[in-house]
Amino acid sequence: MMDLPSCSHLTAALLALAAGGCSSPTLTHAPAETSTSITNVQRAMPYQPTGGPLDALQPKKETGVDRFLSKYPDSDGRGVVVAIFDTGVDPGAPGLQVTSDGRPKIIDVIDGTGSGDVDTSTVVELTEDGTFEGLSGRKLTPSPDWNNPSGEYRVGLKPASELYPRGLDGRMTRERRKDWDQAQRVLTEKLDRELAAFDKANPKPDEEQFKVREDLVARIDQLKSLQDGFDDPGPIYDCVVFNDGSTWRAAIDTDGDGEFGDEKTLTNFRDEHEFGTFGDVDLLNYALNIYNEGDVLSIVADAGAHGTHVAGIVAANFPDQPELNGMAPGAQIVAVKIGDTRLGSSSVGTGTTRGFTAVLENHVDVINMSYGGADAFPDTRYRNGQLVSEIVNKHGVIFVSSAGNDGPAFSTVGGPGGSTTALIGVGAAISPEMMKAQYALRETETGLLQYPWSSRGPTLDGDLGVDVTAPGGAISSVPNWTLQKNQLMNGTSMSSPNTAGGISLILSKLKQDGADYTPHSVKRALMNTAVLMPGQSRWAQGSGMIQIDSAYEHLVNYEEGSDRDVFYTITGPGGERGVYLREPFENNQTLEQRISIN
């Protein structure tokens, strides 16, 4: 992974990326034109094969996606909307600009965590000199292009530390420290020379001369103390919201000069599908949403690279590099940020709850949630599980989630992927082709394997835990601020979007056929047509490796079946979903349990 501070210019950093390796000292002498556009991050870069087939970068062969697309090329996700519940999705990332048929790829971006919220309830008006004061105390000058009939501006303040992902925050701190360190070095060297010259000229200083020397030493010590105690809180942005007579609009003073004529003015992302970039060095893209009649401005920026990578697996579209395409390049994306930047991208549940509103507003067909954790209360015993079940059973949205990465021990499945019946929980597997292409292995196993860290069932309340499995690694798109076009990641976080993208293909074709389906009929088709991997535990792989083409055929063949839309619940002792007898004292005696099927 390349570190930008090792290059003197952004151009050099991008050249290093294009060369396919880390930055080199010889590149620091590249021409010093600093790009004012992020498009060079999206420029096609030649992929250097590592010895494996290119189609294993985004694995499709293992699940029948390649066969499905070969047979139904126009059913590549077109007409399907997928919500990505994750760290956020970079709206400027490579492969996530347009669908295969030219529509906007990302149709809505929201921050469910509130980490990007700005209080803009303070109202100010222009003074006689045509400016107004921001909450930072800066004098702010509105853009001459703004139309504001009311003359009222709502102002707010936002620290960059609440917006920058951790990796970017560290890089930008190092960037800003360069000037500080240079000034410190110059002053320290100057004082060291003065002290050396003084000592040479005054080998036996008198009382007055000694005081001069003490002052020089104190100044040097103070500089060292300042260097040791360096603390950079980062920039704080002035934010302005106004109404142009029909639409709420907003802008951020990203360069801190108080002039908004050079800043991008945006409205809710859903309305115009436009975004801004904080700077040419950070390359952090952001979208805006305005709520409560202008009183709240939401700045939506990634909390990490994870969500963009996941979105790329589902639906990336690279017309000139199809090996980098996601499963469903024709599908559209709704990005729901559930990872709180202030908490290092951890989720506390509120983002998921708010995200369901965006799902309904955008008529989402499939949700992918590659997030989760240990779950002491499986299924619908807690609020989030109840909402997941409601979004599936009441609103007909298919919900796919990762089973977790805590294997290989039994009962390591997490929630909600391994613990909520209504959704589809996915484990992670690897194929020989993936081993070669993604990990450059020269000698590989002969068949499919479950990753050892992929979480296993059963759940603590007696459910299978893992429904199906899918490829758990991919080289996929990442945000521009990472200074990379794509990156290898692995985990059930990758197998879940592989499954969600495959489901999008099925739904695309079913919609074109005018065929009916339900979340439960789709889940049943996936499980009934999945192929068991020899030598792999059912607790690890569930029903086996999904087969998208076979699942589609199953749905078509059983479309008219009287039990197509039927689903049932199994209730064991204490409202649990089964009977789980694990400890010796539970197995050394005769036991009778009552099971209900509804």
Item to check | Gln438 (side chain) donor-acceptor with Gly473 (main chain) under 3.5 angstrom | outcome: yes
State whether a side-chain donor-acceptor pair under 3.5 Å links Asp66 with Ser70.
no
* Salt bridge flag under 4.0 Å for residues Arg78 and Asp76 -> yes
Val89/Val109 under side-chain contact (heavy atoms from CB on, under 4.5 Å): CA gap, chis, key distance, verdict: CA-CA 8 Å; Val89 178; Val109 175; over 6 Å; no
In short, Ser115 meets Lys337 closest at the heavy-atom pair OG-NZ, 3.2 Å
Query raised in the report: Can you check whether Val359 reaches Ile367 side chain to side chain, under 4.5 Å on heavy atoms?
Result: yes
### Any donor-acceptor N/O pair, Ser345 side chain to Thr341 backbone, under 3.5 Å
no
By side-chain hydrogen bond (donor to acceptor under 3.5 Å, both in side chains), Thr412 pairs with (sequence neighbours left out) none
Taking every heavy atom of Val478 against every heavy atom of Thr482, the minimum-distance pair comes out as CG2-OG1, 3.4 Å
Under 3.5 Å, which donor-acceptor pairs link side chains of residues 397-406 to any protein atom two or more places apart or in another chain?
| unit_1 | atom_1 | unit_2 | atom_2 | d |
| --- | --- | --- | --- | --- |
| Ser401 | OG | Met369 | O | 2.8 |
| Asn405 | OD1 | Thr492 | N | 2.9 |
| Asn405 | OD1 | Thr492 | OG1 | 2.9 |

- Query: Is any side-chain heavy atom of His306 less than 4.5 Å from a side-chain heavy atom of Ser493?
  - Reply: yes
Interatomic distance, OH@Tyr286 vs OG1@Thr277, rounded to 0.5 Å, equals 7.5 Å
Using modelled atom types and a 3.5 Å cut-off, is there a donor and acceptor pairing between side-chain atoms of Asp111 and backbone atoms of Gly116?
yes
Check: Phe410 ring centroid to Tyr580 ring centroid under 6.0 Å: no
Under 3.5 Å, side chain of Gln487 to main-chain N/O of His309, donor-acceptor pair present? no
Heavy-atom closest pair (Phe68 atom, Leu505 atom, distance to 0.1 Å) is CZ-O, 3.4 Å
**Asked** Aromatic rings Phe278 and Tyr164: how do their planes relate, parallel, tilted or perpendicular, breaks at 30° and 60°?
**Response** perpendicular
Of all heavy-atom pairs linking Arg582 and Ser411, the shortest is NH1-OG, 3.5 Å
| So, the side chain of Lys105 versus the backbone of Pro91: is there a donor-acceptor pair under 3.5 Å, distance only? | no
Rounding to 0.5 Å, atoms CE (Met327) and CD (Gln58) come to a distance of 4.5 Å
In short, Val81 meets Val364 closest at the heavy-atom pair O-CG1, 3.6 Å
So, does Asp282 use its side chain to make a donor-acceptor pair with the main chain of Leu284 at under 3.5 Å? yes
Value for CG (Leu57) from CG (Asn325), rounded to nearest 0.5 Å, stands at 11.0 Å
Value for CE (Met545) from OG1 (Thr499), rounded to nearest 0.5 Å, stands at 8.5 Å
query: Is a donor on one side and an acceptor on the other found under 3.5 Å between the side chain of Ser454 and the backbone of Ala428?
result: yes
Can a side-chain donor-acceptor contact be found between Thr87 and Asp302 if the only test is distance below 3.5 angstrom? no
Residues 541-556 vs side chain to side chain donor-acceptor pair (under 3.5 Å), sequence neighbours excluded, gives Arg67-Gln547, Arg67-Asp549, Asp513-Tyr552
inquiry  = Determine whether Val522 and Leu555 satisfy the following criterion, side-chain contact (heavy atoms from CB on, under 4.5 Å), listing intermediate values before the conclusion.
reply    = CA-CA 7 Å; Val522 171; Leu555 283 162; 4.2 Å; yes
Sub-4.5 Å side-chain heavy-atom contact between Leu168 and Pro165:
yes
> Taking Gln332 for the side chain and Ile107 for the main chain, is one N or O donor matched with an acceptor at less than 3.5 Å?
Replying inline: no
Kindly indicate whether the side chain of Asp340, heavy atoms from C-beta on, has any atom under 4.5 Å from the side chain of Val348.
no
Interatomic distance, OG@Ser431 vs CE@Met533, rounded to 0.5 Å, equals 10.5 Å
**Asked** Is there a donor-acceptor contact under 3.5 Å from the side chain of Ser521 to the main chain of Tyr517?
**Response** no
Would you indicate whether Arg176, at its atom CZ, is surrounded by more than 12 heavy atoms from other residues, nucleotides or ligands within a distance under 6.0 Å? yes
Salt bridge (Lys or Arg N to Asp or Glu O under 4.0 Å) pairs touching residues 56-65, sequence neighbours excluded, are Lys61-Glu433
Check this for me, if you would: do Asp365 and Lys511 make a salt bridge, where the nitrogen-to-carboxylate-oxygen distance has to be below 4.0 angstrom? yes
Nearest heavy-atom approach of Ser455 to Val466 is O-CG2, 3.6 Å
In short, side chain to side chain donor-acceptor pair (under 3.5 Å) pairs touching residues 529-538 with sequence neighbours left out are none
*Donor-acceptor side-chain pairing of Asn498 and Ser496 below 3.5 angstrom*: no
**Asked** Can you find a pair of side-chain heavy atoms, one from Ile313 and one from Met494, that are under 4.5 Å apart?
**Response** yes
Query raised in the report: Do the rings of His273 and Phe269 sit parallel, tilted or perpendicular, given the 30° and 60° boundaries?
Result: tilted
Looking at Asp467 and Lys523, is any side-chain nitrogen of the basic one under 4.0 Å from a carboxylate oxygen of the acidic one?
yes
Margin query: Is the shortest side-chain heavy-atom distance between Leu526 and Ile503 below 4.5 Å?
Written below: yes
Just by modelled atom types, is the Gly339 backbone N or O under 3.5 Å from a matching donor or acceptor in the Ser347 side chain? no
_Under the criterion side-chain contact (heavy atoms from CB on, under 4.5 Å), I'd like the reasoning laid out for Asp86 against Val336: C-alpha separation, chi angles, the key distance, then a yes or no._
CA-CA 6 Å; Asp86 216 288; Val336 178; over 6 Å; no
For residues 93-104, the salt bridge (Lys or Arg N to Asp or Glu O under 4.0 Å) pairs (sequence neighbours left out) are Asp101-Arg103
d(Met489 CE, Ile475 CD1) to nearest 0.5 Å is 11.5 Å
### Task
Please tell me if the side chains of Trp453 and Pro408 come closer than 4.5 Å, counting only heavy atoms from C-beta onward.
no
Q | Close side-chain approach of Val281 to Arg171, heavy-atom, < 4.5 Å | A | yes
Check whether more than 12 heavy atoms from other residues, nucleotides or ligands sit under 6.0 Å from atom OH of Tyr72, and answer yes or no.
yes
